[in-house]
Structure formats: C-alpha cells, structure tokens
Amino acid sequence: MLDLKLLRENPDAARAGALKKRMPDRAAAVDAVLKLDAELRALLPTLDGMRSELKSGSKEIGKMAPAEREAFLARQKERKAEMGGLEQREKALRAELEKQLALIPNIPDSEVPEGKDDSENKETKRWGTVRTFGFTPRPHYEIGEKQGWLDFERASKMAGSRNYFLFGDLALLHDAVLRYAVDLLVGRGFTPVDPPLLVRDSAMFGTGFFPGGEEQTYRAERDELNLIGTAEVPVTSLHAGEILPEDQLPKKYVARSACFRREAGTYGKDTRGLYRVHQFQKVEQVVIDIADTARSIEHHHAIVKNAEDMLQAFELPYRIVAVCGGDLGVPQAFKYDIETWMPSRNAYGETHSASRFYDYQARRLELRYRPKDGSKAMVCHTLNNTVVASPRILIPLVENHQQQDGTVRVPAVLQPYLGGRAVLGKPIY
RNA sequence: GGAGAGGUGGCAGAGUGGCUGAUUGUACCGGUUUCGAAAACCGGAGUGGGGCAACCCAUCGGGGGUUCGAAUCCCCCCCUCUCCGCCA
C-alpha cells in the first residue's frame, strides 16, 4: 500500500507506475482515491465540529438545572440526528478509500526496464559456460523416468496434472539441495523458520497477493484459509501489527516450506517434466529492516548473491535479469529473476525471484519499528528471494550434470548430503 | 466437538455509565547528579487523522445497538488461554 500523503503530493508517480506495470485499471484507482480523499477531507471538519459540540454538551448536562436540562436534551437529539447521515457517508468513504488504495500498485523504481512482458526483461549478468555435450543430452524427465526417479502418470491419476512422484536418488537429491540451501543461509546469519502453510486472508492481503491473486491460490473454503504459494507470505507477516525496536533489525529469516500454486491460465504451457507443478518445496530468504532505500538496495544485492553463490557451488550456468515493468507484480518496486541454464529447453529458465518492496508490504501489514531515538514509529522495509525451489532446480542439476550412460554427477558441495556419493543412478544407456 | 476464562497504550497491568484518552509499573527519550555509569530524582511520551497554531476528531479485538453521554450495559463475529473429548 502506498502512503496516502505521498500519493496526494505526487499522484502522477503512482499513475505512471501503474502504467509502467501495464495495469491501466489499477492506475484508475489513483484518481478514485484522490476523489474519495478530497470528499472525506471536506467532510471531516464539519463532522468533527458537530461531534465536538455533542461531546462537550454531554459533559455539561450534569450541572444543569432540571428545567433547562430537558430543552437541552432535545437539542442534543437534534444534533445527533443531523450527524447521522454524515457519519454514514464518512464510513462509506473510508471503506471505499481503503479498497481503492489497496489496488494501487507499488511504484516501480526508475531503473526498472520498460517492457510489456518477460520477453523484455533486461539481462544484467551471465555466469558460467554452457556445457557442450559430447553426446546427445537428454531431458530430465526422460532420464528420470528411465532411472525410476519420476512418475507423472500415476501422480496425475490420483492428483491431476502437474503433479509428480519423486523416487530414489532424485528424491534424495531434492532433499539434499534444500538442506544445503538452509545451511548456507544459516551460516550467513539467517534464522531458520518452519512457517504455517495455511494462512488467513489478512496475510495474503498484507503481502500483496490479494486482491488479485485469488485465482492462483488454493483455498480451504470451510476454514477460510489459503495454502501459501511461497513462505514469503507467512514469514513477511510474522511481525505484522508489531512495532519492533530498531536494534532488533534487520530481521533475516530463511524458511523452508511446501508451496502450492493453482497455475490457472497456464494450460498447455510447460506441460512436460518438473518445470511447472502445483506443489513444490522452496527455501526462501526474507529480510525486514528500517526504512532506508540505500539499505534495502544493499540487502537486495546480498540476497541475490546468496542465491548466486549456491548456483555457482552447484556448477550451474545462470543469468540475472532485471524484470521489466510489465512483468512486475503489484507489490514489487524492483525484481531480479535468476534464470538457470536448462538444456532441454535450450534456454535459461527462471529458478529464483528476488524482490524489494520498500514499505509497500509493511504498510499493509502494519509492520513498523521504533527508531533508536525513541521517536515516532516508522514503517519497515521488506525483501525476499528464493534460495532454492525444488524440484525445479533438479532440472538443471540433472540435465547439466548428466553423463552419457544416464548417471548424474553430484557437485562436491552436495556430496556430504548424499552420503558422500559423487554419482547418482545406474548406467542405463 | 463440549465447558469455562479472557482480549485495554512497546510490554505488564488497573479501570463496570459522566473532568478516564485512560491509574500504576516497566521499557523508551530529555535533564539533574557522576570522572563515567548504575541508582535516585525531575520532566516528556500511545496510535491515526484534520488545522499555520491554540486546538479538535477518532481509537480500549472487529461490527452493530442502548444512552444526552460507553473501555464500562446489550447483540453478533473474530482471536487467545484452560479443562474434557478425538487424534498425527
């Protein structure tokens, strides 16, 4: 949510920001807010004055003589009747204002590239050399099914499409990758978290997924809870409604969780293999800190580096893109995606997403801190990034490290998590 | 699922119809004292909104109601805790 004061001062920035994000209907919410705000502010002095009169009148009533008292009571009733309609109007204005304000997207940073969709994201970095195979490399689903590591057919029979079973060495690798990711971040001072997977609407709203993301979310209707699509939701909401002492900041969390996504509207897209699935495991980093743009940017680079270090340790070629306006979500001010080389796609595929929000999420969550000097509570800044999402990361791991005989080489850092093994699977080709 | 207790300012904890927007403690900020600190003492200070300001309005889990007047009374909802039941 944007700061209403800043919005009043500079509505053009909010409008232009929404348009840069290719959200014209949400840009319209800016004008709706300004109109509602103006009406509310015109109404308030009158209404407050009436309330003041009524209130002070009530205080004097005890001292009055019975005779004048009766007349005064009648006058008070009149005042209250006059006020009734205005109070209804005030309530309606406030409700609508809040609703419209919540629709206005965060303003993208000026460095966010212009563009309509992911095809216009701007590459900012490339690491590693794409491997030249001395044989015809196979896609992960082919190796996986032949090794007995994957079963999509039976999974979809009981759970529908975009579901999977992992077995054997691939199941072990899946877990190894997740544990490595947690350990890496814990080693860098992050607090490990195991969060709730079912959350209330308030957490979905506070992190900016609602309104708008309902179609992508599995909902437990009977209990009015939502399955999270990312641990960002419960972890960023962890301190919602709190005022944290500044000396407790920054808060850095690394959460491992299952994630659930309906993937509505993606029918026919990425249907083969482990790329786009309804349920996966993710290790996510979340940072909460003071309201300081420079520090947010520093954190942003640091959490990107954490992910890069992991990919480098996995010996996987990747590139980083600055996500363009049209591909940016409602709450983000700036986002880097990290894309890892996937031979079966003959392309880089998104494996990480690192966002900074400044105070947009925190304001919706009422997540604040008390500055060291004891002054007024300030709204925090929040950020997050993937450390690793699996099984998607298994695609580049299996495909880039496959050997001619169908076995898979294990990067050195993962071997301790696999009982010291350097190779997974049996020769099958 | 059944029964009970409770939700008040950063935290703890008073307050059952009218100078209570809220006693007090603690944490916090400023000062006195000190070589410095602690302690002690004095002062400040909840949150949001409006106004140049004096000041005004809202806010005691949320919503509705009674009343001239509600943190206090009534109704609905939400949440937390305790006991019982069921259970990974």
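What you are looking at is a predicted structure, and each value in this text was computed from that prediction instead of being measured. Just so we're on the same page: letters track the sequence lines, and every chain starts at 1.
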C1' spacing across the pair B/A53 / B/U80, given as an integer number of angstrom: 45 Å
Rounded to whole angstrom, note down the C1' distance from B/A70 over to B/U66. 10 Å
Check whether any side-chain N or O of A/S52 sits under 4.0 Å from OP1 or OP2 of B/C56, and answer yes or no. no
When rounded to whole Å, the CD to C1' distance for the pair A/E366 and B/U47 reads 10 Å
By the definition side-chain hydrogen bond (donor to acceptor under 3.5 Å, both in side chains), identify the one residue from A/R363, A/R364, A/R356 that meets it with A/Y360. A/R364
RNA chain B nearest-nucleotide lookup for A/A377 and A/R51: closer to the 5′ end is A/A377
Rounded distance in Å - CG (A/L97) to C1' (B/G48): 13 Å
So, OP1 or OP2 of B/C56: does either fall under 4.0 Å of a side-chain N or O from A/K55? no
For B/C81, what is the paired nucleotide under Watson-Crick or G-U wobble rules, both distances under 3.5 Å? B/G4
Can you check the A/R363 CZ to B/U47 P distance for me, whole Å? 16 Å
Given atom CG of A/D223 and atom C1' of B/G1, what is their separation to the nearest angstrom? 14 Å
Only pairs with both distances under 3.5 Å count, Watson-Crick or wobble alike; so what is the partner of B/G25 in this structure? B/C11
Going by the angle between their ring planes, with limits at 30° and 60°, are A/H300 and A/F334 parallel, tilted or perpendicular? perpendicular
Can you find a side chain N or O atom of A/R200 that sits less than 4.0 Å from OP1 or OP2 on B/C79? yes
Separation between the C1' atoms of B/C35 and B/G51, rounded to whole Å: 49 Å
With under 30° as parallel and over 60° as perpendicular, where do the rings of A/F314 and A/Y180 fit, or are they tilted in between? tilted
Under the criterion side chain to side chain contact (heavy atoms under 4.5 Å, CB included), I'd like the reasoning laid out for A/Y141 against A/V398: C-alpha separation, chi angles, the key distance, then a yes or no. CA-CA 9 Å; A/Y141 41 85; A/V398 166; over 6 Å; no
On a heavy-atom basis, which atom in A/T207 and which in A/Q361 lie closest, and how many Å separate them? O-NE2, 2.9 Å
CE of A/M83 versus C1' of B/C57: gap in Å, rounded? 10 Å
For atom P, what is the distance between B/C76 and B/G25, given to the nearest Å? 39 Å
Counting only Watson-Crick or G-U wobble pairs whose two distances fall under 3.5 Å, which nucleotide matches B/U32? B/A40
Any idea which heavy atoms bring A/K282 and A/A231 closest together, and the distance? NZ-N, 4.4 Å
Please tell me if A/K80 has a side-chain N or O lying less than 4.0 Å from either OP1 or OP2 of B/U67. no
Under 30°, 30 to 60°, or over 60°: which ring-plane class applies to A/H301 and A/Y336, parallel, tilted or perpendicular? tilted
By the Watson-Crick or G-U definition, both distances under 3.5 Å, B/A88 is matched with none
Length of the line joining A/L54:CG and B/A58:C1', which is rounded to integer Å: 14 Å
Write down the distance between CZ (A/R368) and P (B/C11), rounded to a whole number of angstrom. 11 Å
Taking only N and O in the side chain of A/K91, is any of them less than 4.0 Å away from OP1 or OP2 of B/G64? yes
Show the distances under 3.5 angstrom between N or O atoms of the protein and N or O atoms of nucleotides 49-52 of chain B.
unit_1, atom_1, unit_2, atom_2, d
B/G50, OP1, A/R8, NH1, 3.0
B/G50, OP1, A/R8, NH2, 3.4
B/G50, OP1, A/R41, NH1, 2.9

On a whole-Å scale, what distance lies between the P atoms belonging to B/A71 and B/G7? 16 Å
Nearest-Å distance for atom pair OH/C1', residues A/Y369 and B/C28: 16 Å
Gap in Å between the two P atoms, one belonging to B/C74 and one to B/U16, rounded: 14 Å
Smallest heavy-atom separation, A/A307 atom then A/Q285 atom, equals N-NE2, 4.3 Å
